[in-house]
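Order of the sequence lines fixes the chain letters, A, B, ..., with proteins taken first and strands second; residue numbering starts at 1 for each chain.
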Amino acid sequence: MSRIEPRTLKGFRDYLPQAMIPRERIMETARRVYRSFGYAPIDTPALEYLEILTGKGSDETDKQLYRFQDHGGRDVGLRFDLTVPLARFVAQHSAELGLPFKRYHLATVWRGENTQRGRYREFMQCDFDTIGTTGVASDIETVLVVGELLRQIGLEQFTIRINHRGVLNGLLEKAGLAEQSTAVLRSLDKLAKIGREATLAEIQRTAGATTAQSEQVLALVDVTGDSAAMLTQLATITAGSERGAAGVARLAEVIRAVEQTPGMAGRVQLDVSIARGLDYYTGLVLETTLGELPGIGSIASGGRYDNLASLYTTQELPGIGASLGLDRLLSALEELGRIPAVSTPAEVFLPYFAADKLSDYLRVASQLRAAGFGVEFYPEPRKLGAQLKYADKRGFRAAVIIGADEFAAGQCQLKNLSDGGSQTLTLEADAASLVAALRELVKKT
RNA sequence: GUGGCUGUAGCUCAAUUGGUUAGAGCAUCGGAUUGUGAUUCCGAAGGUCGCGGGUUCGAGCCCCGUCAGCCACCCCA
């Protein structure tokens with residue numbers, strides 16, 4: 001009989017414990033932060049009717065979409081982001097949800113695009129959105145959520161770069177390029193990557209702009225200084241455009257509020273080159289870069305849109321949201337050496353040592369678990385050395401060693417696996433001394 | 001989707017100009033008179049040379065296809 005080769009599809013990955021543990025930790029942090037701002041969890045099906053997903057109908061969408069017929073002959077597709085499902089979801093349930101509605105959604109999405117480092121065909125998105133309000137508070141909170149998330153992940157050196165589509169569009173209006181805004185913004189988005197001259201040329205090529213028009217757009221790039229100075233210059237550039245003025249005013253308000261939030265001063269920066277490729281953004285747009293790894297690109301980004309669900313409902317649903325780039329963030333953390341080489345989620349290892357004391361071991365294990373520790377009990381009585389080797393390899397912090405001698409004496413040994421130190425403790429009926437010593441040890445290391 | 005580079009053990013790599021039974025380190029598993037890991041010592045296992053076809057007396061090495069990875073382009077709702 002020929003064996004089937006175990007393998008995974010191009011762009012699809014297995015996650016071993018060592019990769020999955022930090023991954024879950026970040027997802028837990030994201031959930032905790034999102035919840036702390038009142039975003040509620042939702043989930044939607046991986047598979048949607050094809051017409052839901054192709055509603056926007058760009059060619060690129062079609063190319064990247066995983067589509068097929070199900071067993072009932074229905075045309076279906078796998079979701080390629082969480083925004084389209086959110087739009088469908090809100091249009092379908094707005095009566096039950098009430099507005100404004102704040103939700104977060106951590107889920108897998110699929111895109112059949114060509115793979116590259118950090119770009120896969122199956123990946124996780126960690127979105128949060130506020131639907132049904134245009135209030136500046138929701139703009140401010142979106143920035144604050146991103147900042148709080150990164151801080152709780154343990155990253156301190158980051159910059160949230162913000163811009164406003166109204167400013168860009170106001171400028172385009174003045175330049176007479178309003179119709180070609182998508183093409184112009186797409187080119188502008190590449191400014192940092194390809195440089196000023198190439199951007200200029202590309203705007204002329206893709207949007208059919210004149211030299212004067214494209215220069216007028218690129219005047220943006222000459223906006224420099226601190227945020228206040230830039231805002232003044234932007235006001236001048238966009239003078240005469242209502243949208244531009246409103247955008248400048250909103251940027252000013254967001255920056256001021258974020259600067260005044262404890263722990264967030266200096267974390268937000270106006271960056272006129274940020275356009276975001278997505279043509280549905282209409283207001284604030286944001287990207288986040290790491291000071292230690294500027295080259296890795298944005299690890300959290302998002303923006304405001306006027307009308308999320310116009311394809312599915314007549315109801316006007318403005319909103320703002322952002323998304324954490326989980327894979328990019330993880331590879332950044334890895335590059336920074338911030339991913340511990342651990343393949344166990346538990347901190348305490350309990351060797352099975354005295355073969356006839358199974359029930360006593362199980363009791364200690366459950367006492368430690370009740371006290372909040374993750375405890376792995378080795379499944380069979382083996383040589384202690386082999387068991388400790390196993391524990392070391394997996395990165396446990398501590399081992400609780402209890403053999404026949406300790407049981408007889410009513411004691412246990414607590415071994416710190418990172419420094420090899422060991423202490424002998426009294427093992428009471430409620431294991432109180434052990435719990436206290438473990439708390440110390442886990443806190444310390 | 002387009003173009004380029006790459007593919008030998010779980011990982012990183014080696015293997016004279018095409019020439020016998022494809023090697024090493026690390027990792028894995030076992031052991032060093034059955035109670036202490038990560039540092040030591042001994043041993044074992046592990047390879048359809050990504051896969052398929054072709055050229056050749058002979059292919060890990062050359063050719064074609066295919067799959068996968070990396071890079072650039074495209075794109076990223």
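- Across B:rC51 and B:rG69, the matching C1' atoms stand 15 Å from one another, rounded to whole Å.
- Using a 4.0 Å heavy-atom cutoff across all strands shown, A:G112 reaches no nucleic acid atom at all.
- Formation of a donor-acceptor pair under 3.5 Å by the A:K393 side chain with backbone atoms of A:L388 is not found in this model.
- Contact check, A:K389 against B:rU36: no side-chain N or O comes under 4.0 Å of OP1 or OP2.
- In this structure, the OH atom of A:Y120 is 11 Å from the C1' atom of B:rC70, given to the nearest Å.
- Contact annotation for A:Q387: no contact, since no heavy-atom pair falls under 4.0 Å across all strands.
- Checking the phosphate oxygens (OP1, OP2) of B:rU28, a side-chain nitrogen or oxygen of A:K393 falls inside 4.0 Å.
- At a threshold of 4.0 angstrom between heavy atoms, the contacts of A:Y390 with the nucleic acid are absent.
- Judged by distance alone, with hydrogens and angles left aside, the side-chain atoms of A:E287 form no donor-acceptor pair with the main-chain N or O of A:A300 at under 3.5 Å.
- Of the candidates B:rU2, B:rG35, B:rG37, B:rG37 carries the atom nearest the A:L388 side chain, counting heavy atoms from C-beta on.
- When the P atom is compared between B:rU56 and B:rC63, the two are found 16 Å apart, to the nearest whole Å.
- No more than 12 heavy atoms of other residues, nucleotides or ligands shown are found within 6.0 angstrom of OH on A:Y49.
- Distances were taken from every side-chain heavy atom of A:A404 (C-beta onward) to each of B:rC76, B:rC70, B:rG35; the shortest belongs to B:rG35.
- The C1' atoms of B:rA24 and B:rU8 are separated by 13 Å, rounded to the nearest whole Å.
- Judged by distance alone, with hydrogens and angles left aside, the side-chain atoms of A:T210 form a donor-acceptor pair with the main-chain N or O of A:Q213 at under 3.5 Å.
- Counting only heavy atoms from C-beta outward, the side chains of A:L149 and A:T29 approach each other to under 4.5 Å.
- Considering only the side chain of A:R111, B:rC76 comes nearest among B:rG35, B:rG69, B:rC76.
- Separating the CD atom of A:Q116 from the C1' atom of B:rC70 is a distance of 9 Å, rounded to the nearest angstrom.
- In this structure, A:R79 reaches neither bases nor backbone, as no heavy-atom distance under 4.0 Å exists between it and the strands shown.
- With B:rG37, B:rC75, B:rU36 as the choices, the nucleotide that has an atom nearest any side-chain atom of A:L417 turns out to be B:rG37.
- Remark: the A:Q64 side chain and the B:rG1 base include no donor-acceptor N/O pair separated by less than 3.5 Å.
- Atom P of B:rG3 sits at a distance of 11 Å from the matching atom of B:rG65, rounded to the whole Å.
- In the interface, the side chain of A:K383 is not paired with the base of B:rU34 through any donor and acceptor atom under 3.5 Å apart.
- The side chain of A:K10 lies closest to B:rG69 when the candidates are B:rC29, B:rG35, B:rG69.
- A donor and an acceptor atom sit less than 3.5 Å apart, one in the side chain of A:R119 and one in the base of B:rC75.
- Within 4.0 Å (heavy atoms only), A:K415 reaches at least one base atom of the nucleic acid.
- With C1' as the reference atom, B:rU17 and B:rC61 are 11 Å apart, rounded to whole Å.
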